[in-house]
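Along the sequence shown, residues carry numbers from 1.
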Amino acid sequence: MLKLGLLGQPVGHSLSPAIHRAALEALGLADQYRYAAHDVSPAALADWLGRLRAGGWRGVNLTHPHKVAALPLLDDPGAGHALGAVNTIVVEPGGRLVGHNTDAPGFLLALRELCATLPSGHARSLPTRAVLLGAGGAARAIAHALAGQGCRVDVVCRQAAAGEELLARLGAAAGVWAPWGADRATAALFAAGELLVGCTPLGAAVRAGEPGWASALAGLSRLPFAQLDPGTPVIDIVYTPPRTPLLELAAAQGCPTQGGLEMLVAQAALSCELWTGRRPPRALLREAATRALRHATAGGGP
C-alpha cells in the first residue's frame with residue numbers, strides 16, 4: 001500500500017484526510033493508498049521529504065507553512081516555479097519529487113461558481129480587479145490564477161517586501177501593495193476591488209467566543225471594510241469554521257461570501273487525479289468534507 005498525506009503545521013483541523021479517504025473509497029482504491037495528516041515543523045520539512053524519496057510514498061499535499069519553503073527542496077518544482085508555491089508533490093519512480101499546484105485551478109473553479117450566483121447587476125464571469133489579503137503560498141497561487149484570467153491583482157499585507165515580491169511575478173496584471181490597516185491607499189483598493197480574497201490563516205480552527213476568534217477579528221477589523229461595495233464577493237480560503245471572522249465582517253457590509261470549502265474540494269480532486277490518474281466526483285468529496293466539518297464544529301474533534 002502506498003502512502004499519501006498532508007504535511008503542515010498545524011493540521012489537526014484539516015478536512016483533507018476525510019476528503020481523500022472518501023475519494024479513494026469512491027474510486028475503489030482504498031486498498032492501494034492510505035492518506036493521513038502529519039504535523040511537520042518547518043525545521044523538519046527537509047527530513048520529511050527525504051522520507052518520501054526513501055520509498056513507500058506516492059505523494060503529499062502541503063499546507064501552511066510549507067508551500068513556499070518546499071520549492072528548493074524538490075527535484076522538479078513544476079508549476080510551482082512560476083507560481084512561487086507548491087501544494088502537491090508527486091513521488092515519481094526513483095524517488096524523484098515533482099511539484100504541482102492545484103490551488104490555482106481549484107480556486108478558479110470555486111470562484112466561477114460563486115460569480116454565477118451573484119444577484120442581478122453584479123453577476124459576471126470573473127472579476128477584473130481583485131484584492132488579496134496576505135502574500136503567502138496560497139496568495140501566490142490565487143494571484144497567478146487571477147492574473148491568467150486578465151484580472152488586476154492588488155495585495156494588502158503587513159510586509160511590503162512580501163507583497164511586492166508577489167506582484168513582481170504577475171507582469172501586466174500586477175496592481176499595487178498597500179499596508180494592513182486603515183491606510184488611505186488600502187481604503188482605495190477596497191473601494192475599487194471587484195473581489196476580496198482572504199489568503200491568511202487568520203481565524204482558522206477557532207469558534208466564536210474563543211480567544212483566537214477575538215484576536216483574528218481584532219486584526220481584520222483594522223481593515224477598511226466600510227469601503228467595500230455591498231455587491232463585492234468575499235472569499236476566505238479558511239474552511240473551518242465555515243463562518244470565519246473575515247466572512248462575518250464582509251456579511252455585515254452586505255457582501256456575498258464563500259468559505260474555503262469549495263476551493264479545498266476542487267483542489268483535492270485535482271491532487272487525487274495527479275496521484276492516481278483518476279479524478280473523483282467533487283459532489284461526493286463535498287459531502288465528505290461537510291460531514292467532517294459538521295462533526296468538528298459540534299465538538300467531536302477534527
Side-chain angles (χ1 to χ4, degrees), residues 1-8 11 13-40 45 48-64 66-67 70-71 73-83 85-110 112-113 137-138 141 144-145 237 239 260-293 302:
M1 179 177 288
L2 289 174
K3 298 176 185 177
L4 298 169
L6 172 70
L7 308 185
V11 293
H13 66 283
S14 178
L15 301 182
S16 291
I19 293 172
H20 282 286
R21 288 166 188 164
L24 295 172
E25 287 283 353
L27 297 174
L29 299 174
D31 60 341
Q32 298 180 42
Y33 300 93
R34 182 180 65 186
Y35 190 104
H38 304 276
D39 194 285
V40 176
L45 179 61
W48 264 90
L49 296 187
R51 297 186 195 183
L52 269 60
R53 287 193 174 91
W57 289 82
R58 177 56 178 150
V60 294
N61 290 132
L62 299 174
T63 188
H64 180 81
H66 301 318
K67 293 183 178 184
L71 277 174
L73 303 175
L74 302 178
D75 300 297
D76 180 357
H81 177 73
L83 275 64
V86 60
N87 80 317
T88 303
I89 296 175
V90 176
V91 183
E92 301 287 1
R96 188 166 177 268
L97 304 185
V98 179
H100 298 265
N101 195 307
T102 63
D103 280 339
F107 173 79
L108 288 178
L109 285 171
R112 287 193 173 94
E113 291 176 355
H144 192 274
I237 66 167
Y239 54 83
L261 191 66
E262 293 303 320
M263 175 181 168
L264 177 72
V265 166
Q267 66 82 25
L270 296 171
S271 291
C272 184
E273 184 176 16
L274 287 170
W275 296 322
T276 69
R278 297 168 61 186
R279 186 183 301 185
R282 284 172 58 200
L284 183 148
L285 303 192
R286 187 182 297 109
E287 290 175 6
T290 301
R291 285 195 303 271
L293 188 56

Just verifying a value: how many Å separate His20 NE2 and Ser271 OG, rounded to the nearest 0.5 Å? 5.5 Å
Would you confirm whether Arg58, through its side chain, and Trp275, through its main-chain N or O, come within 3.5 Å as a donor-acceptor pair? yes
Contact summary for Asp103 and Ala141, nearest pair of heavy atoms: CB-CB, 3.8 Å
Distance in Å, Leu285 CG paired with Leu15 CG, rounded so as to fall on 0.5 Å steps: 11.5 Å
Is it true that a side-chain atom of Tyr239 and a backbone atom of Leu293 form a donor plus acceptor pair closer than 3.5 Å? no
Any side-chain donor paired with an acceptor under 3.5 Å for Asn87 and His66? no
For a 4.5 angstrom cut-off between non-hydrogen side-chain atoms, does Leu261 reach Thr290? yes
Closest approach of Ala269 to Arg282 (non-hydrogen atoms, all atoms of both residues): CB-CG, 4.1 Å
Would you say the side chain of Leu270 lies within less than 4.5 Å of the side chain of Arg279, judging by non-hydrogen atoms? yes
Side-chain heavy-atom pair Trp57, Ile89 within 4.5 angstrom cut-off: no
Value rounded to 0.5 Å, distance of CG in Asp31 from CG in Leu24: 9.5 Å
Taking all atoms of both residues into account, what is the closest heavy-atom pair of Ser16 and Leu264, and its distance? OG-CD1, 4.1 Å
Heavy-atom closest contact (Leu74 atom, Gly99 atom, distance): CD1-CA, 3.7 Å
Asn101 side chain to Ala85 backbone, donor-acceptor under 3.5 Å: yes
Minimal non-hydrogen separation, Thr63 against Gly8, with atom names: CG2-CA, 3.6 Å
So does Glu25 have more than 12 non-hydrogen atoms from other groups sitting under 6.0 Å from CD? no
Calculate, to the nearest 0.5 Å, the distance between atoms CD1 and CD belonging to Ile237 and Gln267 respectively. 10.5 Å
Any side-chain heavy-atom pair of Leu27 and Thr276 under 4.5 Å: yes
If you look at every heavy atom in Ala266 and Leu109, which pair is closest and at what distance? CB-CD1, 4.0 Å
Donor-acceptor check, side chain of Glu113 to backbone of Ala110, threshold 3.5 angstrom: yes or no? no
Under the salt bridge (charged side-chain N to carboxylate O under 4.0 Å, His left out) test, which residues partner Arg53, sequence neighbours left out? Asp75
Val91 and Arg96, any side-chain heavy atoms less than 4.5 Å apart: no
Could you tell me whether the side chain of His38 reaches within less than 4.5 Å of the side chain of Val11, counting heavy atoms only? no
Measuring only between side-chain heavy atoms, which start at C-beta, is Ile19 closer than 4.5 Å to Pro280? no
Rounded distance [0.5 Å steps], CZ in Arg34 versus CG in Leu29: 15.5 Å
Calculate, to the nearest 0.5 Å, the distance between atoms CG and CG belonging to Asp39 and Leu7 respectively. 10.0 Å
Using a 4.5 Å cut-off on heavy atoms from C-beta on, say whether the side chain of Lys67 contacts that of Val86. no
